[in-house]
Amino acid sequence: AEGWPDIGEIDGPLPDKVDCIVVGAGIYGIYQANLLASTGNSVVCLDRYHEIGGVWNYYGNDYSRVNTSEVGYRIVPREGMYTRPNEDHSPKREIMRDIYEVASQHLKGKIRCNVNVLTVEKQPDGTVRVHTKHMKTGVEKTIQANAISFHVNRRIGRKREVDWEGSH
């Protein structure tokens with residue numbers, strides 16, 4: 001978003017191999033991917049929407065607010081004059097700014113939007129092969145990773161099947 005911290009290209013090429021894949025570029029996907037990248041892991045954060053922000057961006061409007069007595073929604077400590085570290089009913093723009101600020105720390109150029117994760121195959125050595133498809137171009141790509149973490153909200157939007165061997 002214009003005037004917000006720079007998060008780099010979000011529609012660039014996918015890597016062939018990374019240490020960690022984080023699926024979902026909402027508040028907690030960005031937070032986890034940033035932590036992983038800050039410790040030296042190679043990371044890519046994938047989201048099928050065309051922008052980061054998850055439910056805050058997709059469903060929120062300029063008047064959407066959350067009761068932040070649930071302190072997990074404000075992920076950037078704010079201090080000093082004219083700042084509000086945590087307020088009841090934080091507006092969407094404050095939450096989105098926090099998400100962009102965290103993403104700009106260690107994830108610049110490591111976020112890819114418009115990417116749908118089709119399947120994940122666990123390999124005998126414990127790594128995973130993640131099959132993806134670009135939502136605009138239809139180009140499919142497989143990424144090899146040591147680990148994958150899902151931060152998707154299955155309670156809203158279109159139903160998504162998230163299944164794994166032995167889950168039934």
Side-chain heavy atoms of Tyr100 within contact of Ile30, under 4.5 Å: no
Please list all pairs passing the salt bridge (charged side-chain N to carboxylate O under 4.0 Å, His left out) test where one or both residues lie in residues 121-134, with sequence neighbours left out. none
Can you list the steps and then say if Gln123 with Val128 is a side-chain contact (heavy atoms from CB on, under 4.5 Å)? CA-CA 6 Å; Gln123 301 301 296; Val128 292; 5.9 Å; no
Quick one: are Ile21 and Val18 in side-chain contact, heavy atoms under 4.5 Å? yes
Spatial distance of atom CG (Leu107) from atom OG (Ser38) [nearest 0.5 Å]: 9.0 Å
With side-chain contact (heavy atoms from CB on, under 4.5 Å) as the test, would you mind laying out the steps for Val23 and Ile148 before giving the verdict? CA-CA 7 Å; Val23 180; Ile148 187 167; 3.9 Å; yes
Backbone N/O of Pro13 and side chain of Arg112: donor-acceptor pair under 3.5 Å: yes
Could you report the tightest heavy-atom contact between Ala37 and Val43, atom names first, then the distance? N-CG2, 3.8 Å
State, yes or no, whether a side-chain contact exists between Leu36 and Asp19 at a heavy-atom distance under 4.5 Å. no
Considering non-hydrogen atoms only, spot the tightest contact between Cys45 and Gly24 and give its length. SG-O, 3.5 Å
Among Val115, Ile111, Asn114, find the one that has a side-chain contact (heavy atoms from CB on, under 4.5 Å) with Leu46. Val115
State, without any angle test, whether His50 and Asp11 hold a side-chain donor-acceptor pair at a distance under 3.5 Å. no
So Met135 and Tyr49, do their side chains get closer than 4.5 Å, heavy atoms only? no
From CA spacing to verdict: side-chain contact (heavy atoms from CB on, under 4.5 Å), Tyr31, His151: CA-CA 10 Å; Tyr31 190 79; His151 295 270; over 6 Å; no
Would you call Arg48 and Cys113 a side-chain contact if the rule is heavy atoms closer than 4.5 Å? no
Quick one, Ile95 with Ile27, criterion side-chain contact (heavy atoms from CB on, under 4.5 Å). Give me CA distance, side-chain angles, the key distance, then yes/no. CA-CA 8 Å; Ile95 303 298; Ile27 192 167; 4.0 Å; yes
Would you kindly confirm whether Leu118 and Val152 end up in one hydrophobic cluster when ILVMFWY residues are joined by side chain heavy atoms under 4.5 Å apart? no
Working to the nearest 0.5 Å, report the span between CG of Asn34 and NZ of Lys110. 9.0 Å
Sequence neighbours left out, what passes side-chain contact (heavy atoms from CB on, under 4.5 Å) with Lys141? Give chain and number order. Leu14, Asp16, Thr132, Ile143
From CE (Met96) to CH2 (Trp4), nearest 0.5 Å: 5.0 Å
Pair Lys108 + Asp6, salt bridge at N-O below 4.0 Å: yes
Asn41 CG to His106 NE2 distance, which is reported to the nearest 0.5 Å: 12.0 Å
Does a donor on one side chain sit under 3.5 Å from an acceptor on the other, for Gln32 and Ser149? yes
